[in-house]
Amino acid sequence: MNPLLSRLQPYPFERLRKLTADVTPNPALRPISLGIGEPKHPTPRFIQDALAADLPTGLAGYPPTAGAPALRAACAGWLQRRYGVAVDADTQVLPVLGSREALFALAQTVIDPTRPGATVVCPNPFYQIYEGAALLAGAQAHYVASDPARNFAPRWDQVPGDVWARTQLVYVCSPGNPTGAVMPLDEWRLLFELSDRHGFVIASDECYSEIYFRDEPPLGGLEAAHRLGRGDFRRLVMLTSLSKRSNVPGMRSGFVAGDAAVIKQFLLYRTYHGSAMSPVVAAASIAAWGDEAHVQDNRRQYREKFAAVTPLLSRVMDVTLPDAAFYLWAGVPPVWKSSDTGFARALLAQYNVTVLPGSYLAREAGGVNPGQGRVRMALVAETAECVEAAERIVQFIQSKT
Ligand SMILES: Cc1ncc(COP(=O)(O)O)c(C=O)c1O
């Protein structure tokens with residue numbers, strides 16, 4: 001067996017299952033889960049129709065790993081409209097089967113494990129795939145804590161120079177999971193300067209970019225590069241997907257775009273790995289990337305939900321409306337003495353609401369786990385259910401304080 005497999009950590013939901021295995025949720029209340037960040041709004045009809053329309057012909061041949069030219073063009077067109085950046089659809093765009101597999105596979109493509117101390121830098125808390133991707137590529141992860149005082153910005157400026165010197169890949173998550181924070185231009189400038197100095201690749205995970213609560217849409221990585229005069233996107237790729245934007249997490253469709261040199265090697269890797277998008281999924285994806293009306297409607301639904309839920313919870317918890325994404329990243333009240341796990345267990349037992357302990361989404365670094373004392377709540381269910389969950393949480397906290 002590959003010995004690197006033994007370095008993988010249990011996934012947060014597995015840890016949550018163990019944490020609550022002996023808890024009996026209050027049977028008088030129906031269960032509400034804010035645990036898993038899976039979109040639940042219905043898939044738009046026109047996407048289903050596009051998929052079905054391709055079925056008679058789409059399954060009869062092997063798809064190209066590089067994706068159909070029409071799909072690459074649809075992705076490039078969306079980048080142009082959304083961010084005002086021009087990419088070459090033939091050399092700078094690659095369809096992938098959702099961003100998760102691509103975030104993982106990219107590390108296998110980029111990392112040279114024969115170089116001493118191969119390191120991947122990622123935010124902390126973070127989307128767990130970054131760590132597994134780094135470990136299975138033969139690298140180690142260096143965690144950069146998010147700073148609650150600066151809208152949860154990762155303290156890139158506190159990474160020691162010797163760590164940067166051996167860093168080969170940096171994961172950026174903007175909008176962030178779980179914090180919802182959007183990375184501003186100044187931080188991009190800093191990361192680009194560091195990448196120029198040390199030669200690492202930046203992978204910008206942007207799968208929440210279309211769910212936002214400010215007037216300004218979130219700044220994208222390619223957009224930041226373009227604004228800073230880096231039109232060749234050197235050592236930069238962005239990854240996005242339709243899962244959250246278009247409510248199709250089961251379709252497994254996204255794309256990677258940016259530096260042509262990285263994309264070229266990534267395509268080579270994927271040719272052997274065998275990740276090619278089914279033509280029926282490609283047909284539905286072309287339809288989805290070409291339409292914004294359903295995205296606006298989806299965003300409106302999240303905005304209404306967050307407007308209803310956030311004020312309720314902010315009365316009893318340290319929580320504010322995030323920049324973007326569909327999570328609340330809330331501090332547990334002092335009476336729990338920073339025990340996010342104790343909070344999650346008691347909430348489930350007494351009010352039958354599931355939340356994810358923040359410490360499960362982060363790693364201890366320098367003696368501190370930056371997720372400790374926080375919980376992540378995914379507001380993916382319908383508004384009424386999310387409001388009911390919030391009302392129960394308010395009662396739960398008020399009964400303790
Ligand atoms: C930060 C982040 N990146 C990537 C993904 C992967 O999503 P998908 O593979 O559906 O594109 C998720 C899913 O929850 C996520 O939270």
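For ligands, and for the atoms within them, numbers begin at 1 and follow the listed sequence.
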ask   = Between F233 and H226, does the ring centroid distance fall short of 6.0 Å?
value = no
Side-chain donor or acceptor of K305 paired with backbone N/O of L379 under 3.5 Å = yes
query = Mind checking what residues have non-hydrogen atoms under 4.0 angstrom from ligand 1?
reply = G98, S99, R100, L103, Y127, C173, N177, D205, C207, Y208, S241, S243, K244, R252
query = Is the W336 to F396 ring centre distance short of 6.0 Å?
reply = yes
inquiry  = Check this for me: does any side-chain nitrogen of one of D323 and R214 sit under 4.0 Å from a carboxylate oxygen of the other?
reply    = yes
key: Heavy-atom side-chain contact between W289 and L242 under 4.5 Å   = yes
task = Compute the centroid of each ring, for Y360 and then for Y11, and state whether the two points are separated by less than 6.0 Å.
result = no
